[in-house]
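Okay, so here's the structure we're looking at.
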Number of protein chains: 2
Amino acid sequence: MANDGIWMLCTNSAIRRASRQLGQLYEDAMGDTGLKGTQFTLLSQIRQDGQPALKALAEAMVMDLSALGHTLKPLIRDGLVELVADPRDRRVKRVRLTTLGEAKQADLVARWQVAQSRFDQVFGAEKSAELRRALALISSPEFADAFENGLRN
Amino acid sequence: MANDGIWMLCTNSAIRRASRQLGQLYEDAMGDTGLKGTQFTLLSQIRQDGQPALKALAEAMVMDLSALGHTLKPLIRDGLVELVADPRDRRVKRVRLTTLGEAKQADLVARWQVAQSRFDQVFGAEKSAELRRALALISSPEFADAFENGLRN
DNA sequence: GGAATTTACTGGCATATACCACTATATCTG
DNA sequence: CAGATATAGTGGTATATGCCAGTAAATTCC
């Protein structure tokens with residue numbers, strides 16, 4: 001499996017490489033819906049959060065605020081999500097699924113489940129859950145803090 | 001650590017999210033060199049392979065050939081790598097580091113090592129190596145094949 | 001209460017990455 | 001050998017993602 005690349009030494013290279021591969025596999029499973037993996041992720045997270053402020057959503061996704069804004073554009077253009085101003089704090093905008101967006105998301109969940117169970121089957125369900133836990137740990141602010149400032153216990 | 005997102009269910013979401021975080025951390029460690037993590041990865045892989053054909057490099061990186069072409073553009077523009085035609089097969093182009101590219105790569109290795117050892121320290125060196133193995137497995141063509149066509153043993 | 005600061009978002013620019021259509025070579029086949 | 005097919009790259013278009021500079025609204029501080 002090409003054990004001789006920097007990805008065997010550099011976790012960053014390794015994770016990006018695996019990202020590309022997994023992105024392909026999941027996207028194929030998404031099929032003709034025309035939506036990307038990231039878009040499914042976003043729709044699902046928005047659905048779960050209800051009506052998150054952009055800032056909060058960006059943080060949850062571990063994504064730059066402006067990157068989130070850009071990424072939402074096609075979804076807004078296609079009428080899957082919409083932005084609503086927060087009446088309490090007029091700096092804040094909240095994202096929510098439109099009716100169309102909810103339908104699309106539900107459709108995608110079914111397809112996603114196929115991809116996810118294939119992954120679990122090939123990689124092993126237990127190892128899969130463990131991998132997600134490890135990745136969530138890496139994605140946490142605590143991890144970033146320890147990385148940047150050293151482990152001071 | 002926000003245990004309630006889709007990233008706890010969807011390995012694809014989880015890996016992209018962790019990619020973003022790790023990309024940030026490593027890039028910060030790269031400092032003022034002006035190069036991105038991906039560019040370091042590419043320079044390092046090219047260095048290791050010597051003078052790989054674009055196709056072969058794309059495969060090793062698990063990257064689309066045209067994506068690789070686009071990604072190399074800034075590196076070519078900045079004089080870090082160059083393309084040379086293969087005399088045997090004139091369809092083939094090979095990439096190689098320029099003298100400047102070699103110097104830059106060597107410089108980056110030092111910085112990268114700082115980032116990688118911080119990662120190992122925070123995540124655990126053994127777990128870290130194990131994670132890279134898991135990611136390399138996921139990135140392998142065998143994995144993709146099993147994912148797409150099912151495990152037929 | 002008004003100036004200074006912080007916060008939330010927007011828009012422009014640059015790289016990362018994929019797909020598709022097209023071109024140039026090379027290889028295969030009758 | 002000529003036509004069909006396969007292979008390697010290129011260029012265009014679209015999404016993904018980050019940084020920086022700006023804008024507007026809220027909060028803080030005399």
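In what follows, chains are A, B, ... by sequence order, proteins preceding strands, each numbered from 1. Being a predicted model, the structure only gives us computed values, none of them experimental.
When each of B/Pro87 and B/Met61 is assigned the nucleotide of DNA chain C with its nearest heavy atom, B/Met61 is the one assigned upstream, toward the 5' end.
A/Leu72 has its CG atom 13 Å from the C1' atom of C/dT10, to the nearest Å. Whole-Å rounding puts the B/Leu42 CG to C/dT15 P distance at 13 Å. Across the protein-nucleic acid pair, A/Lys93 atom NZ and D/dA25 atom C1' stand 12 Å apart, rounded to whole Å. Here C/dT17 presents its P atom at 13 Å from CD1 of B/Ile15, a figure rounded to the nearest Å. A/Asp86 places its CG atom 12 Å from the C1' atom of D/dA25, with the value rounded to the nearest Å. Taking atom CE of A/Met30 as the reference point, atom C1' of C/dC19 lies 18 Å away to the nearest angstrom. Atom C1' of nucleotide C/dA16 and atom CZ of B/Arg77 are separated by 14 Å, given to the nearest angstrom. A/Arg91 has its CZ atom 7 Å from the P atom of D/dA26, to the nearest Å.
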When you compare the protein's N or O atoms with those of nucleotides 18-22 of chain D, which come within less than 3.5 Å of each other, and at what distance?
| from | atom 1 | to | atom 2 | distance (Å) |
| --- | --- | --- | --- | --- |
| D/dG18 | OP2 | A/Asp64 | N | 3.0 |
| D/dG18 | O3' | B/Gln24 | OE1 | 3.4 |
| D/dG18 | O6 | A/His70 | NE2 | 3.2 |
| D/dC19 | OP1 | B/Gln24 | NE2 | 3.1 |
| D/dC19 | OP2 | A/Asp64 | OD1 | 3.3 |
| D/dC19 | N4 | A/Ser66 | OG | 2.3 |

**Request:** Could you walk me through whether B/Gln24 and B/Asp28 pass side-chain hydrogen bond (donor to acceptor under 3.5 Å, both in side chains), step by step?
**Result:** CA-CA 6 Å; B/Gln24 286 302 111; B/Asp28 289 352; 4.8 Å; no
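Ion pairing between A/Asp89 and A/Arg91 holds under the 4.0 Å rule for side-chain N and carboxylate O.
For the OP1/OP2 pair of D/dT17 and a distance below 4.0 Å, the side-chain nitrogens and oxygens of B/Arg16 include at least one atom meeting the criterion.
Checking B/Val84, B/Leu97, B/Asp86 one by one against B/Gln51, the side-chain contact (heavy atoms from CB on, under 4.5 Å) holds for a single residue, B/Val84. When each of B/Leu42, B/Leu35, B/Thr99, B/Leu72 is paired with B/Leu80, the side-chain contact (heavy atoms from CB on, under 4.5 Å) condition holds for B/Leu35 and for no other.
Backbone-only engagement by B/Thr38 is indicated by non-hydrogen atom pairs under 4.0 Å involving sugar-phosphate atoms exclusively.
Cluster membership check: A/Ile76 shares its hydrophobic cluster with A/Val95, using side-chain heavy-atom separations under 4.5 Å among Ile, Leu, Val, Met, Phe, Trp and Tyr.
Relative ring orientation between A/Tyr26 and A/Phe119 is described as tilted, the plane-to-plane angle lying within the 30° to 60° band.
If you check C/dG11, D/dG9, D/dT17 against the side chain of B/Ala53, the one that comes closest is D/dG9.
A side-chain donor-acceptor contact under 3.5 Å links B/Gln116 to the backbone of A/Thr11.
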